[in-house]
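Computed from heavy atoms alone, side chains included, the values below leave out hydrogens, waters and symmetry copies. To find a chain, count down the sequence lines: A is the first, B the second, and so on, and within it residues start at 1.
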Number of protein chains: 2
Amino acid sequence: MVSELIMTVTDRNTEEIILEAACTIFFQKGFAGARMQEIADSAGINKALLHYYYRSKDQLFEAVFNRALISFLPTIKIALEAEMPLTQKIAKFVENYVDVLIANPHIPAFVIHELNTDPNRVVLKLKSHGVDPRIILRQVDEAIAAGEIRAINGEHFLINLLSLCIFPFVARPVAQGILQKSNEEYTLFLQQRKSEILEFVMQSIKAS
Amino acid sequence: MVSELIMTVTDRNTEEIILEAACTIFFQKGFAGARMQEIADSAGINKALLHYYYRSKDQLFEAVFNRALISFLPTIKIALEAEMPLTQKIAKFVENYVDVLIANPHIPAFVIHELNTDPNRVVLKLKSHGVDPRIILRQVDEAIAAGEIRAINGEHFLINLLSLCIFPFVARPVAQGILQKSNEEYTLFLQQRKSEILEFVMQSIKAS
DNA sequence: ATTTGGTTTAACCAGATGGTCAAAAGTACA
DNA sequence: TGTACTTTTGACCATCTGGTTAAACCAAAT
């Protein structure tokens, strides 16, 4: 019993070290650009050990992709599907989501690229973790009917909200270049966006 | 003289065929995921011919990347740097830019991924073609001073505008999945965004 | 017809890459 | 200590991949 516990702990450690190294490399270079050897080096272990824990590059990648989704979808899911007054919900979503993005800035570009490269690979997974837009779409329509906001298209509104939150992270090099900001300045800029996005959106949808 | 002309034409044709095939493959799979053999097959030629016209994968990629930038930056540049009343300028920009995106839907994700993977590779090129944000930033401040729009932060506004236009293209698989739309439905959705974005933005910045 | 020039191809090469294997190292337990 | 077990490693392999080369091809000019 003791031995099992200890071994399991050791397992988890090495497995976890590998997975973290794999995340770093895969997030930055994508599936095709990542090298097993580089991941092994980054984890400080032998390449054969990668295959001992994760049998192939594909399976290691899948573990990484899962972790990427798990870091993101729950937050967006809870925020969008919760029953809560719309304006309050929007505020909470923007704040939570941008915080998650600041903590994991490389994940969106990674997921987007892999999904564009091979939409079939994990489309099922996306659906299983899937975000259900119906609740917030209904809330938008109700808020319009109640005269709380002006008449807007819920689907476009939802995509607008996501665009405003996520795009500055995926396009960071371009945006930072256009605005000619240093890393520190751009990081601050991203922090400010929480309030900027909220104000921008609220001004746009308020009943006139 | 005649022979030169004919040869040049032939050159251009093969070169162009290769470049177009390379664009298709590189745009979809990125630099690391693209295979020279696949590009050759797609162009219907021998692999050695790729190296005859473009000496290496790197140089072929650079030609592709150049073409990608040339498809995009002029439009955004002209639109943003033109001297034109702000609201009119915004309208023109959204319309023109979304049209360019519809015509070249894969380019933004491609550029973003390559820039994230290796920011150094072409950062110089981005700067040489660089968009100068100062003109539109000044226009925003002037419009605020003139009471035409409410007080907003120009930099955030510029990023908001770009986010709303570009993100639905780079994140198409995700967005299409969330909204549960078919390809045709999503294409229509993208068309509608021209007016939707414009209204969303205008409502947000109008003087209250 | 022969030569001359660019164009296209098949065959080939060296190095990289994902993956395997048998042996070594470490660990708990008798 | 010796045994049974998992973990870790160095060496190795088959294949893939970017790139080269020499020869074939072809159109135009002499």
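Not one side-chain nitrogen or oxygen of R55(A) sits closer than 4.0 Å to the OP1 or OP2 atom of dG19(C). Residue Y53(B) places at least one side-chain N or O under 4.0 Å from the OP1 or OP2 atom of dT8(C). Regarding contacts with the backbone of dG18(D), every side-chain N or O of S56(B) stays at 4.0 angstrom or more from both OP1 and OP2.
Atom NE2 in H51(A) sits about 15 Å away from atom P in dT9(D), given to the nearest Å. Separating the CZ atom of F31(B) from the C1' atom of dT17(D) is a distance of 12 Å, rounded to the nearest angstrom. Atom CG in D58(A) sits about 7 Å away from atom P in dG19(C), given to the nearest Å. For the pair K57(A) NZ and dG19(C) C1', the interatomic distance rounds to 12 Å; values are reported in whole Å. dT8(D) atom C1' lies 10 Å from atom CD1 of I18(A), rounded to whole Å. Put simply, OH on Y52(A) is 17 Å from P on dG10(D), counting in whole angstrom units. Taking atom CG of residue L50(B) and atom P of nucleotide dT9(C), one finds them 10 Å apart after rounding to whole Å. Distance CZ (R35(A)) to P (dT17(C)): 5 Å, rounded to an integer number of Å.
Within the 4.5 Å cutoff, the side chain of F200(A) has no heavy atoms near those of the N153(B) side chain.
Contact annotation for A32(B): no contact, since no heavy-atom pair falls under 4.0 Å across all strands.
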In residues 158-176 of chain B, what donor-acceptor pairs under 3.5 Å come from side-chain atoms, sequence neighbours left out?
| residue | atom | partner | partner atom | Å |
| --- | --- | --- | --- | --- |
| N160(B) | OD1 | R193(A) | NH1 | 3.2 |
| N160(B) | OD1 | R193(A) | NH2 | 2.5 |
| N160(B) | ND2 | H156(B) | O | 3.3 |
| S163(B) | OG | I159(B) | O | 2.7 |
| R172(B) | NE | Q176(B) | OE1 | 2.9 |
| R172(B) | NH2 | N183(B) | O | 3.1 |
| R172(B) | NH2 | T187(B) | OG1 | 3.4 |
| Q176(B) | NE2 | K181(B) | O | 3.2 |
| Q176(B) | NE2 | N183(B) | OD1 | 2.9 |

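Between E16(B) and R67(B) there is a salt bridge, since at least one side-chain N of the basic residue sits less than 4.0 Å from a carboxylate O of the acidic one. Between R134(B) and E81(B), no side-chain nitrogen of the basic residue sits less than 4.0 Å from a carboxylate oxygen of the acidic one, so the salt-bridge criterion is not met.
Note on residues 92-104 of chain A: pairs passing side-chain hydrogen bond (donor to acceptor under 3.5 Å, both in side chains), not counting sequence neighbours, are D99(A)-K194(A).
Of all the residues in residues 36-48 of chain B, I45(B), N46(B), A48(B) reach under 4.0 Å from DNA chain C with at least one non-hydrogen atom.
Considering every non-hydrogen atom in both A63(A) and L19(A), the closest pair reads CB-CD1, 3.8 Å.
A donor-acceptor pair is defined here as one N or O able to donate and one able to accept, closer than 3.5 Å; no such pair exists between the side chain of K89(A) and the backbone of I136(A).
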